[in-house]
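Handing you this structure, nothing more for now.
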Amino acid sequence: MNLLRLLQQRFAPVLADYADDPAPFVSMVRPAQDTRFGDFQANCAMPLAKRHGLNPKELAAKIAEKVHLQDLCNEVEIAGPGFINLRLRDDLITSEVNRLLTDDRLGVEPPRPARTIVIDFSSPNVAKPMHVGHLRSSVIGDSLYRTLKFLGHRVISDNHIGDWGTQFGMIIYGYKNFLDNDAYTRTPVAELARLYRLVNRLSDFLEARSELPGKKRELEVAERELAATPVPPKGSKDPADKEAEKAIKKLRSQIEGLKDETASLAKKIERVETNAAELALANAHSNIARAARDETAKLHAGNAENLRLWNEFMPECLAALQGVYQRLGIQFDLTLGESWFNPMLAGVVESLKSSGMAVASDGAMCVFIEGNEAPFIVQKGDGAFTYATTDLATIQYRVGELQANEILYVVDTRQSEHFELLFKTVAKWGIAQVDLRHVNFGTVMGKDRRPYKTRDGDTVGLESLLDEAVKEARTIVDLNEAQKADKGEEPLDDAARQSVAEIIGIGGIKYADLHHARESDYVFDWEKMLAKEGDTATYIQYAFARTKGILRKNSIDPIQLLAQGAKIQLSHPAERTLAMQLLKFPEALDAVCAEYRPNQLTQYLFETANAFSAFYNDCPIKGEADEALRNSRCLLAELTGRVLGRALGLLGIQTVERM
RNA sequence: GCACCUGUAGCUCAAUGGAUAGAGCAUCGGUCUUCGGAACCGAGGGUUGGGGGUUCGAGUCCCUCCGGGUGCACCA
């Protein structure tokens with residue numbers, strides 16, 4: 001049972017006497033923000049009093065009196081300017097928490113209308129190895145998938161992989177010109193990745209070489225301009241001086257930007273120039289960028305050779321991706337890449353043209369959305385389609401074939417303009433009713449507050465990241481085992497340690513990611529991620545392991561206890577707090593789904609693990625003489641373990657019974 | 001130039017328009033001859049970037065200024 005919803009249902013009929021639409025006031029019944037104020041609070045009296053010109057405290061008292069609460073609460077207190085503070089009856093908490101013991105769904109009720117929700121996440125490019133940037137999308141998307149599904153929605157995860165884009169032409173070009181056959185036979189994916197990087201590097205080099213002089217000139221001009229600009233007196237309030245100050249600031253930031261740009265170009269040049277073999281290649285393939293684009297165009301046009309190569313590469317690339325997903329514990333219902341929608345693209349553009357939405361502009365077919373200067377390009381000047389076109393076709397398919405009521409895109413914030421245009425285009429296009437939602441997230445940063453990169457400036461590969469995390473976790477596990485040995489506890493064998501390290505390491509990465517509000521950028525910090533203390537996966541996994549340890553070391557079988565009719569009883573404040581926390585699991589999931597925020601669940605987990613640790617400290621089982629109390633505590637530990645395990649599972653994080 | 005995001009404790013971050021703004025880390029101090037110390041309890045630390053406004057009530061909504069970031073025509 002969802003206690004919050006139950007209370008809201010009790011308030012609803014009474015609040016209907018004071019407002020035509022009581023819904024917003026009903027939603028002002030909410031969990032108490034502070035335990036001093038009880039378990040729940042109703043904040044609806046103040047605005048309603050204002051509306052009716054009544055005294056808020058009197059109205060609060062009147063509402064509290066009218067709402068049928070006697071069976072739920074034993075204290076109803078009016079506080080402050082008109083808050084109604086509610087404290088649940090202990091017997092209610094006791095009976096509810098006992099009900100959870102035999103409830104597989106831990107009190108979570110199915111959603112009123114179950115919706116069909118497509119979640120689009122991860123979406124790597126098969127031409128490039130996955131990097132740290134794919135992590136957030138994968139982890140957040142997977143968690144939302146698991147959570148919505150557990151709630152009872154029909155959820156379809158779709159990995160919209162990039163298997164048809166421009167960068168695929170680079171691989172084909174590389175294959176045709178630079179292939180190392182032995183390497184390809186041995187490790188095809190690694191060789192393809194090498195080819196991609198090589199072609200990319202060469203084409204970057206050539207572009208940089210032609211751009212650098214111009215940029216340098218721009219920089220010189222800007223620097224001369226700055227030197228020639230008189231500096232206004234500091235703190236002057238004269239509007240003219242303020243303008244001048246602004247101009248100088250702008251020039252400075254422009255110079256900074258140009259310096260960064262020239263440095264980056266110089267680096268691209270240096271990378272190749274210092275390598276005689278690559279320099280020779282670059283000079284021999286001076287139109288490589290264009291040639292690679294042509295390979296893409298040929299592929300799209302159905303060129304037999306390129307299609308054959310594409311078909312040869314794809315299974316290998318997909319298998320490589322699969323390896324990473326397996327390690328992350330992520331599964332997709334569908335993997336419909338861009339190529340899959342290719343046959344539908346011409347039809348999409350036709351439809352947009354015939355409805356007059358798409359018009360030719362500078363040779364490209366564009367949809368112009370009011371208020372946006374930049375067009376939404378659905379077909380390029382050379383006739384090729386863009387990802388905008390693919391996205392439109394994908395929506396058409398998901399609505400038409402998959403019957404989606406809702407589509408979630410778990411994609412980097414930096415693409416928000418694209419989604420804005422996409423969603424507006426869809427609305428104008430008038431295909432069936434569907435809620436489209438960009439579930440955006442911020443950038444992963446290094447400790448230097450710049451996008452997370454290796455020392456050489458490359459993006460960090462996802463696999464090496466996972467390896468590193470597991471390695472770190474392993475040293476912690478070994479250290480801990482060494483300490484355990486002193487206490488004469490049974491040690492874990494090597495295989496068990498490695499498995500624990502894998503679960504702790506990957507869990508740590510996932511948790512660190514999920515516990516940040518998704519919109520904010522976050523700083524990737526190894527130490528914090530795998531720290532043994534604080535708000536980390538380890539802390540919660542440890543609490544879980546303790547719930548198991550408690551039963552194991554006291555030789556208790558909870559199923560047997562239940563069969564014997566044992567019950568949870570609440571005799572200590574720590575027990576009440578813990579029980580109350582367990583009953584809030586459904587609320588936590590509601591909070592996640594309201595705005596698609598997994599961090600609501602990590603927060604719940606941390607609070608629950610906290611409540612359990614306090615209980616563990618204050619309420620021993622071993623020395624307890626009262627058998628009923630002992631049994632009660634065992635059952636509470638067992639139930640806590642189930643909630644922690646389930647909630648971690650919804651985050652895609654595994655647990656171990658011993659660590 | 002246009003658009004969007006952002007500014008909260010020393011650091012990293014929370015907080016559906018609600019009460020005295022909370023956690024973790026770090027710092028300092030306590031607990032434990034009992035089930036796992038990867039634990040528990042406590043303390044200090046804040047004009048929520050500045051200034052206006054809306055509201056019974058603002059970190060949250062609106063305006064403005066300052067600082068930081070991102071994106072803007074044929075890459076995805």
Side-chain angles (χ1 to χ4, degrees), chain A residues 27-28 30-34 36-37 41 43 46-47 49-50 56 79-83 85 123 125 162 164-167 242 293 338 361-366 371-382 384-388 390-391 411-418 420 440 442-443 447 449 476-477 479-480 483-484 487 489 504 512 515-517 519-523 525 527-528 531-536 538-539 541-543 545-546 549-554 556 574 590-591 594-595 599-600 602-603 606-607 610 613-618 620-624 633-634 637 658-659:
Chain A
S27 72
M28 288 178 193
R30 41 169 299 179
Q33 199 140 59
D34 193 304
R36 285 192 308 255
F37 306 138
Q41 62 182 179
N43 303 336
M46 284 94 75
K50 176 73 183 171
F83 295 101
N85 291 339
S123 311
N125 201 302
W164 201 244
T166 308
Q167 58 291 350
K242 279 194 150 180
R293 271 202 298 276
E338 292 170 342
S361 168
D362 281 359
M365 287 307 299
C366 302
N372 286 79
E373 217 171 304
F376 197 54
I377 298 178
V378 294
Q379 190 170 21
K380 300 193 275 187
D382 63 6
F385 300 108
T386 70
Y387 75 133
T390 315
D391 280 353
V411 180
D412 197 305
T413 293
R414 284 173 289 195
Q415 290 191 40
S416 49
E417 269 126 317
H418 166 70
E420 234 172 86
N440 61 321
T443 311
K447 270 189 162 173
R449 285 238 139 233
I476 293 171
V477 171
L479 203 70
N480 188 52
Q483 285 168 356
K484 259 207 245 176
K487 294 183 193 152
E489 289 202 45
I504 301 281
H515 106 279
H516 283 82
E519 291 99 325
S520 48
D521 295 342
Y522 93 93
V523 175
D525 183 343
E527 274 176 49
K528 248 178 223 174
K532 301 192 289 184
E533 296 111 32
D535 190 357
T536 61
T538 315
Y539 175 74
Q541 285 165 323
Y542 176 66
R546 281 174 128 188
I550 230 175
L551 300 172
R552 188 174 60 238
K553 297 196 178 171
N554 289 287
I556 304 282
D590 282 348
E595 294 286 332
N599 67 316
Q600 296 284 349
T602 62
Q603 197 179 326
F606 183 60
E607 284 164 6
N610 247 332
S613 293
F615 157 81
Y616 184 90
N617 223 48
D618 295 345
I621 288 166
K622 199 171 169 187
E624 179 52 57
R633 288 177 175 170
C634 285
R658 299 179 56 189
M659 56 189 275

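Residue numbers begin at 1 in each chain, while the letters A, B, ... track the order of the sequences. Please read all numbers here as calculations on a predicted model, not as lab measurements.
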### Query
Between B/rG42 and B/rG51, how far is it from one P atom to the other, in whole Å?
35 Å
### Heavy-atom donor-acceptor pair, A/Arg658 side chain to A/Ala545 backbone, under 3.5 Å
no
### Query
Taking only N and O in the side chain of A/Arg546, is any of them less than 4.0 Å away from OP1 or OP2 of B/rG37?
yes
### Message
The side chain of A/Thr386 is closest to which nucleotide in this list: B/rA39, B/rA76, B/rC75?
### Response
B/rA76
### Task
Indicate, with a heavy-atom threshold strictly under 4.0 Å, whether A/Asn610 touches base, sugar-phosphate, or nothing.
sugar-phosphate
### Query
What nucleic acid atoms does A/Ala79 come within less than 4.0 Å of, heavy atoms only: base, sugar-phosphate, or nothing?
base
#### Entry: Span that lies between the C1' atom of B/rC66 and that of B/rA76, in whole angstrom
36 Å
### C1' atoms of B/rA58 and B/rA19, separation to the nearest Å
13 Å
### Query
Stepwise, does the side chain to side chain contact (heavy atoms under 4.5 Å, CB included) test hold for A/Ser123 with A/Val411?
CA-CA 9 Å; A/Ser123 311; A/Val411 180; 5.9 Å; no
#### Entry: Rounded distance in Å between the P positions of B/rC2 and B/rA9
31 Å
### Message
With rounding to the closest Å, how many angstrom separate the C1' atoms on B/rG46 and B/rU54?
### Response
25 Å
### Query
In whole Å, what is the span from the CD1 atom of A/Ile621 to the P atom of B/rU34?
16 Å
### Summary
When every non-hydrogen atom of A/Ala49 is compared with those of A/Pro56, the smallest separation belongs to CB-CA, 3.4 Å
### Task
Quick one: label A/Asp535 by what it contacts on the DNA or RNA (base, sugar-phosphate, nothing), any heavy atom closer than 4.0 Å.
sugar-phosphate
### Message
Restricting to non-hydrogen atoms, name the atom on A/Asp535 and the atom on A/His515 that form the minimum distance, rounded to 0.1 Å.
### Response
OD2-CD2, 3.8 Å
#### Entry: C1' spacing across the pair B/rU27 / B/rC11, given as an integer number of angstrom
12 Å
### Task
Select base, sugar-phosphate, or nothing to describe what A/Ala594 touches, counting heavy atoms under 4.0 Å on all strands.
nothing
### Message
Is there a side-chain contact between A/Thr413 and the phosphate of B/rU6, meaning an N or O under 4.0 Å from OP1 or OP2?
### Response
no
### Task
Could you check how far CZ of A/Arg414 sits from P of B/rC5, rounded to whole Å?
16 Å
### Task
Rounded to the nearest angstrom, tell me the gap between atom CG in A/Asn617 and atom C1' in B/rG37.
10 Å
### Task
Applying side chain to side chain contact (heavy atoms under 4.5 Å, CB included), run through A/Cys366 and A/Val378 and close with a yes or a no.
CA-CA 6 Å; A/Cys366 302; A/Val378 294; over 6 Å; no
#### Entry: Span that lies between the C1' atom of B/rC13 and that of B/rU48, in whole angstrom
14 Å
### Message
So, OP1 or OP2 of B/rA15: does either fall under 4.0 Å of a side-chain N or O from A/Asn599?
### Response
yes
### Query
NA contact type, A/Gly381, heavy-atom cut-off 4.0 Å: base, sugar-phosphate, or nothing?
base
### Message
For a quick check of understanding: with a heavy-atom distance under 4.0 Å over all strands, which category does A/Thr536 fall into, base, sugar-phosphate or nothing?
### Response
nothing
### Task
Before giving the answer on side-chain hydrogen bond (donor to acceptor under 3.5 Å, both in side chains), spell out for A/His418 and A/Asp391 the whole-Å C-alpha distance, their side-chain angles and the decisive distance to 0.1 Å.
CA-CA 10 Å; A/His418 166 70; A/Asp391 280 353; 2.7 Å; yes
#### Entry: Span that lies between the P atom of B/rG49 and that of B/rG7, in whole angstrom
7 Å
### Task
Using a 4.0 Å heavy-atom cut-off across all strands, classify A/Ser520 as base, sugar-phosphate, or nothing.
sugar-phosphate
### Task
Could you check how far CG of A/Asp618 sits from P of B/rC41, rounded to whole Å?
8 Å
### Query
Would you say a side-chain N or O of A/Arg30 is under 4.0 Å from OP1 or OP2 of B/rG18?
yes
### Task
Mind checking A/Pro56 for me? I need base, sugar-phosphate or nothing, with any heavy atom below 4.0 Å counting as a touch.
nothing
### Message
What is the separation between atom CG on A/Asn480 and atom P on B/rG37, rounded to the nearest whole Å?
### Response
11 Å
### Task
Mind checking A/Glu373 for me? I need base, sugar-phosphate or nothing, with any heavy atom below 4.0 Å counting as a touch.
nothing
### Per-pair stack call A/Phe37 and B/rA19, 5.5 Å, 30°
yes
### Task
Can you tell me the distance, in whole Å, between the CD atom of A/Gln41 and the C1' atom of B/rA15?
13 Å
### Message
When you measure from the side-chain N and O atoms of A/Ser613 to the phosphate of B/rA39, is any distance below 4.0 Å, counting only OP1 and OP2?
### Response
no
### Message
Could you tell me how far apart A/Gln603 (CD) and B/rC13 (P) are, to the nearest whole angstrom?
### Response
16 Å
#### Entry: Separation of atom NE2 in A/His515 from atom C1' in B/rG22, rounded to whole Å
13 Å
### Query
So what stems show up for RNA chain B if we need 3 or more Watson-Crick or G-U pairs in a row, all under 3.5 Å?
B:1-7 with B:66-72, B:10-13 with B:22-25, B:27-31 with B:39-43, B:49-53 with B:61-65
### Task
Please work out if A/Tyr616 contacts a base, only the sugar-phosphate, or nothing of the nucleic acid, heavy-atom cut-off 4.0 Å.
base
### Message
At less than 4.0 Å, is any side-chain N or O atom of A/Gln33 found next to OP1 or OP2 of B/rA19? Yes or no.
### Response
yes
### Task
Quick one: label A/Tyr387 by what it contacts on the DNA or RNA (base, sugar-phosphate, nothing), any heavy atom closer than 4.0 Å.
base
